[in-house]
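A quick write-up on the structure given underneath.
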Amino acid sequence: MSGINLKVKIGSLELKNPVLLASGTVGYGNEISQFTDLSKIGGIVTKSISLKPRKGNPPQRIVETHGGMLNAIGLANVGVEEFINSKIPFLKEVNSTVICNIAASSVEEYVECTRILTEEDAIKAFEINVSCPNVKDGGLEFGHNPSAVGTITGRVRGATNKPVIIKLSPNVSRISDFAKIVKSEGADAVSAINTLVGTAFNIWTKKPKIKNITGGLSGPAIKPVALAKVLEISRNVDIPIIGIGGIMNWQDAVEFMIAGAAAVELGTVNFVNPNAGIEIINGLTEYCEKINIKEIKEIIASYQL
Amino acid sequence: MSGINLKVKIGSLELKNPVLLASGTVGYGNEISQFTDLSKIGGIVTKSISLKPRKGNPPQRIVETHGGMLNAIGLANVGVEEFINSKIPFLKEVNSTVICNIAASSVEEYVECTRILTEEDAIKAFEINVSCPNVKDGGLEFGHNPSAVGTITGRVRGATNKPVIIKLSPNVSRISDFAKIVKSEGADAVSAINTLVGTAFNIWTKKPKIKNITGGLSGPAIKPVALAKVLEISRNVDIPIIGIGGIMNWQDAVEFMIAGAAAVELGTVNFVNPNAGIEIINGLTEYCEKINIKEIKEIIASYQL
Amino acid sequence: MLTEIAEVVTVKKYGSNTNLIKVHAPGIASKAEPGQFCNIKVSETNFPLLRRPFSICEVKGEHLFFMFDIQGEGTSILGCKKKGDKLNILGPLGNGFNTGIEFDTAVIVAGGIGAAPFPFLLSRLKKKKVICLVGGRSEAQIITYGMKNIYISTDDGSNGFKGTVVQLAERIKDKFTGGKVQFFACGPNAMLKALKQFCMENNFSCQVSTESAMACGFGICQGCPMPAANEEKYYLVCKDGPVFNAKDIIL
Amino acid sequence: MLTEIAEVVTVKKYGSNTNLIKVHAPGIASKAEPGQFCNIKVSETNFPLLRRPFSICEVKGEHLFFMFDIQGEGTSILGCKKKGDKLNILGPLGNGFNTGIEFDTAVIVAGGIGAAPFPFLLSRLKKKKVICLVGGRSEAQIITYGMKNIYISTDDGSNGFKGTVVQLAERIKDKFTGGKVQFFACGPNAMLKALKQFCMENNFSCQVSTESAMACGFGICQGCPMPAANEEKYYLVCKDGPVFNAKDIIL
Ligand SMILES: Cc1cc2nc3c(=O)[nH]c(=O)nc-3n(C[C@H](O)[C@H](O)[C@H](O)COP(=O)(O)OP(=O)(O)OC[C@H]3O[C@@H](n4cnc5c(N)ncnc54)[C@H](O)[C@@H]3O)c2cc1C
Ligand SMILES: Cc1cc2nc3c(=O)[nH]c(=O)nc-3n(C[C@H](O)[C@H](O)[C@H](O)COP(=O)(O)OP(=O)(O)OC[C@H]3O[C@@H](n4cnc5c(N)ncnc54)[C@H](O)[C@@H]3O)c2cc1C
Ligand SMILES: Cc1cc2nc3c(=O)[nH]c(=O)nc-3n(C[C@H](O)[C@H](O)[C@H](O)COP(=O)(O)O)c2cc1C
Ligand SMILES: Cc1cc2nc3c(=O)[nH]c(=O)nc-3n(C[C@H](O)[C@H](O)[C@H](O)COP(=O)(O)O)c2cc1C
Ligand code: FES
Ligand code: FES
């Protein structure tokens, strides 16, 4: 093994390397484990969980676009109880850091989910999704309203001693304003970005290609936007950032870390290359060797403007 | 010729077809005329003009991204006087509808430019760029501040009898709020979208690939976002919309019109295929024939949600 | 399930728009079951971004065959592959046709490129009576590759019965005899829906291979829901399907 | 300037990383001047999105030659072209070398793939004395295709003079004789900058072919600024260049 140290810290959360698998793009870990060795991955962020199971949106839920895809899954998930009973046991065995992502339709639901799930030893941190663009009764309003995001952060903070990461919406004028508020309300870190709102039409039926009308845009198409949001937060707020958006290879991951991210999450790439996480981790090691540094954390926010 | 009528109206502005060439991607018309017959194009939106000439940003100004490109030209332009003296004479001969795009750093400058240029018969309408993300002393603040956008609209409205189109920024939470304000201040139409803020880093030098740090993202990558913004405006505000963002072919143009656009502007595609405008116009005619309609305007906002 | 870098052996035209690609993929070939599919990366770049799902058409030794129509950019690229090119393939994916059940006669119903999974299935039904119904919009869409005892329908009547393949089934239903009859169908969801109706009315058991937009193909994106018939939930086409018992889903 | 769909005739390897592609493009070929470039769409899809600029390397009858190094995705795709493939080419673009001026001896200075425009230029300088200085990082980067009277430099000394091509010029400058001497140079902008310095000090007139990121290649995007030396403005590399008189620009 090379002597490169890939460890990073997100607040008090230690990760063996900065590569996480993003919520909604790795399920609860079991399916993807057939294609990749999850024990090598820095961390797994589980599919957004709500208090009760959610069926999700009717089809069609996804469509490919140039360099990206739109999704409107509608936060289909098994609910807290089933998550604890049938998903946590697998996650316990994985030997990776498990971050539990929570999405809810009310402040109370966020708090309740956190309160229940904080009891689970397997869960090392929470990522609070205040930014899912596909849920009509929740997400959107929260994510675009600074005071709502502040309230959720403060209340969730009060419900757990574990690190709290707030996942921010990119569909706002100044994402750094939101990062400031969540920091002041006690969040340990932010993750950015969730998907951009987008749509596509079938020109013959004149119907939206996605049943939900709009969906969330992810994939390499959004990488420049995601990088700009991470940089904006990094230049304006002193808080650890998890960078997300269009990462396809280790070069992309490095770009995010240079722009200010202490760790990264891989989303859409998992669908195309379920082993991407490990390839990226290997690439990061090689990069450190090439630029002659011993610890990956040296490159975090190392931008030369 | 087929009996298809491609005429559309943007407020009182009649266009022989809905295909315009977007500001900043066609210069002042002369260079591109070597590759395409501008007299067939619905309209030409000239490069953003400011009162005095602008040198623009130092290199590097552009970089390709997946399915798109970032630019930070910095509104390099010849200024109003030189525009009138050396560019308008060519535009007069073109036999297409000329829309003059104005960008400024103060409300007064917008008004002054409009006041001078409204005297030019060759100019049939104004597109007011309140949304250029690459100019530090102007654009950005205006474009994200509803009351500033309202003020500019009202004041420009007072300075000309010609149609006024406000070009909106997509880098906001709710673009329709801006459309509402500009409508109430007397704008005839809105155009959407300008570019998304983005960036890219060189992982070896750790410097931004673009000297200006951030740039504007354009091209097919942004099409789903642009379509969603057009749809949002169309569903919430009764104002003609010019759709822009990632249009590469006639199918894309149709998608924008279905989503609510009365006309479209072609940007980045001009760099790749300077004859795209004409190919798209031909495609629109064929589309009308295929779906058996006589007038293209029937498809405007024909979405079936 | 595995990721295999498969070498292209041949790409052959079959009819006007249909292609048959043969690749060397020993790992997947050794595990594949009829009705399963693979998710194929058609390029080495990020364009097109997503993999494309294709039914496993045939397995011969260490080789897999896929049959596909040129639809858009993904299938165009696939159609241009040359001997020696490499394809990154995930597979075998999903649940295939259940042939472990008791039946004596298999009725195959294929709509257009829906013929793709049947050569593989038929290779496992050598001891059964087989009747194949093959439909298409017109003669050019009729694919009988690997079929036997064939009845054809076309919407325009350019070959065989004029009408849909389900109308054809109705017409010749007195031939569906010979012990217990089991339907296996693949084609557009609209066809499967009509067929389900026919089978319910006539009390035939019917397995359908369904289609859906897919991002991952193995259950992590939740992009491919199929409404369940008896529960308030969605199945996933890629993981719970693509083959379902017609009565379990709402088509 | 025109858009031409050109057919690929051959693609040949030249050295380890360099390729020479020959295409049939009679329209552009009939108008091209040395030092001009073409903007080439390397694929028929939107990936990669932008065209790629390449100097016109040679013109033979109705054929154009381009010489290129594999850098990234665009040039990789170009390197995989086969006889009969079609390329969409815009050209000829920009202002080439000015050979209408008076001079007796041409000194060619090429850095790496900067050798590309010189075969075409030299075909027009048959009556002049020519000295060619060719530099590269190491032997593998030395491209002497179409050159004559050659002096070589490599950064690592693996071929010829050890040092930069401008240091080589300094070393052999007493050879730059024979009436009026005119420099023509192409290579990385850093090399051109050093060469400009050398030429100013030694009073040689020097034309440089510069590089810049480009979107359109013909003056509509303003993406390719080059600072002017005597005015507070930018030239456009694609339209005012790519060849400039070195003294007119700030490198
Ligand atoms: C389980 C399964 C098995 C399949 N087996 C076969 C087969 O054996 N032979 C065959 O020819 N086709 C098969 N298809 C359909 C095939 O996947 C599509 O024709 C193909 O993805 C089209 O890609 P494209 O890029 O050429 O078309 P485009 O229209 O450019 O595709 C654009 C997007 O739409 C998706 N898409 C388009 N059509 C379909 C479709 N019918 N189903 C799902 N997604 C679609 C693509 O994946 C892509 O994301 C199968 C589909 C599924 C789900
Ligand atoms: C006027 C001019 C003439 C040129 N002539 C030649 C030639 O004859 N032979 C040759 O090999 N190269 C030449 N180049 C450089 C050539 O255009 C680049 O090597 C090529 O664009 C790289 O594309 P890529 O996709 O392989 O690389 P990538 O690195 O993947 O390109 C990514 C992006 O960066 C741009 N880019 C990368 N390198 C350069 C560069 N050096 N200059 C400008 N843009 C760049 C590309 O256009 C693209 O948008 C010339 C450049 C210019 C401006
Ligand atoms: C199919 C799909 C489902 C997703 N579901 C969730 C989710 O449940 N919760 C969440 O916080 N983010 C969700 N996301 C967003 C991703 O976690 C990630 O923020 C986004 O996709 C951008 O990263 P990418 O470009 O790498 O995919 C989802 C994304 C996709 C594509
Ligand atoms: C190089 C470049 C320069 C541009 N300059 C201007 C400008 O001066 N004024 C303006 O209003 N928009 C400008 N734009 C934005 C375009 O007009 C258009 O809104 C945007 O590019 C999205 O469309 P597209 O994806 O089709 O390119 C510019 C875009 C590009 C790519
Ligand atoms: S395609 Fe991803 S879950 Fe089925
Ligand atoms: S490359 Fe567009 S102006 Fe020069």
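Lettering follows sequence order; numbering is per chain, from 1. We use all heavy atoms of the structure for the numbers below, so side chains are in, but hydrogens, waters and symmetry mates are not.
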Original post:
Does D:Arg124 make a cation-pi contact with D:Phe97, if we ask for NZ or CZ under 6.0 Å from the ring centre and within 45° of the axis?
Top reply: no
Subject >> Interchain contact, D:Leu93 with chain B, by part (heavy-atom threshold 4.5 Å) >> reply: side chain
**OP:** Check each atom of B:Val272 against the heavy atoms of chain D and say whether the ones under 4.5 Å are side chain, backbone, both or neither.
**Re:** both
Original post:
Which one of D:Cys224, D:Gly223, D:Pro227 has the most heavy-atom pairs closer than 4.5 Å to chain B?
Top reply: D:Gly223
Original post:
Contact part of D:Met226 toward chain B, heavy-atom cut-off under 4.5 Å: side chain, backbone, both or neither?
Top reply: neither
Original post:
For the residue pair B:Tyr28 and B:Phe83, does the interplanar ring angle fall in the parallel (under 30°), tilted (30 to 60°) or perpendicular (over 60°) class?
Top reply: tilted
Subject >> Greatest number of heavy atom pairs closer than 4.5 Å to chain D - which of B:Gly267, B:Pro58, B:Pro53 >> reply: B:Pro58
Subject >> Other residues, nucleotides, ligands: >12 heavy atoms within 6.0 Å of B:Lys206 NZ >> reply: yes
Original post:
Which region of D:Phe218, side chain (C-beta onward) or backbone (N, CA, C, O), has a non-hydrogen atom less than 4.5 Å from a non-hydrogen atom of chain B, or is it both or neither?
Top reply: both
Original post:
Any idea which heavy atoms bring D:Ala185 and D:Leu192 closest together, and the distance?
Top reply: CB-CD2, 3.9 Å
**OP:** Report the option among D:Lys41, D:Glu73, D:Gln222 that has the most heavy-atom pairs separated by less than 4.5 Å from atoms of chain B.
**Re:** D:Gln222
Original post:
What part of D:Leu2 lies closer than 4.5 angstrom to a heavy atom of chain B: side chain, backbone, both or neither?
Top reply: backbone
Subject >> Side-chain H-bond candidate by donor/acceptor type, B:Asn275 with B:Thr36, under 3.5 Å >> reply: yes
**OP:** Sort B:Thr268 into side chain, backbone, both or neither according to what part of it lies under 4.5 angstrom from a heavy atom of chain D.
**Re:** side chain
Subject >> Region of B:Gln60 that comes under 4.5 Å of a non-hydrogen atom in chain D >> reply: side chain
Original post:
Considering only heavy atoms from C-beta outward, does the side chain of D:Leu49 approach that of B:Pro220 to under 4.5 Å?
Top reply: yes
Original post:
Would you find more than 12 non-hydrogen atoms of other residues, nucleotides or ligands less than 6.0 Å from B:Lys52 atom NZ?
Top reply: no
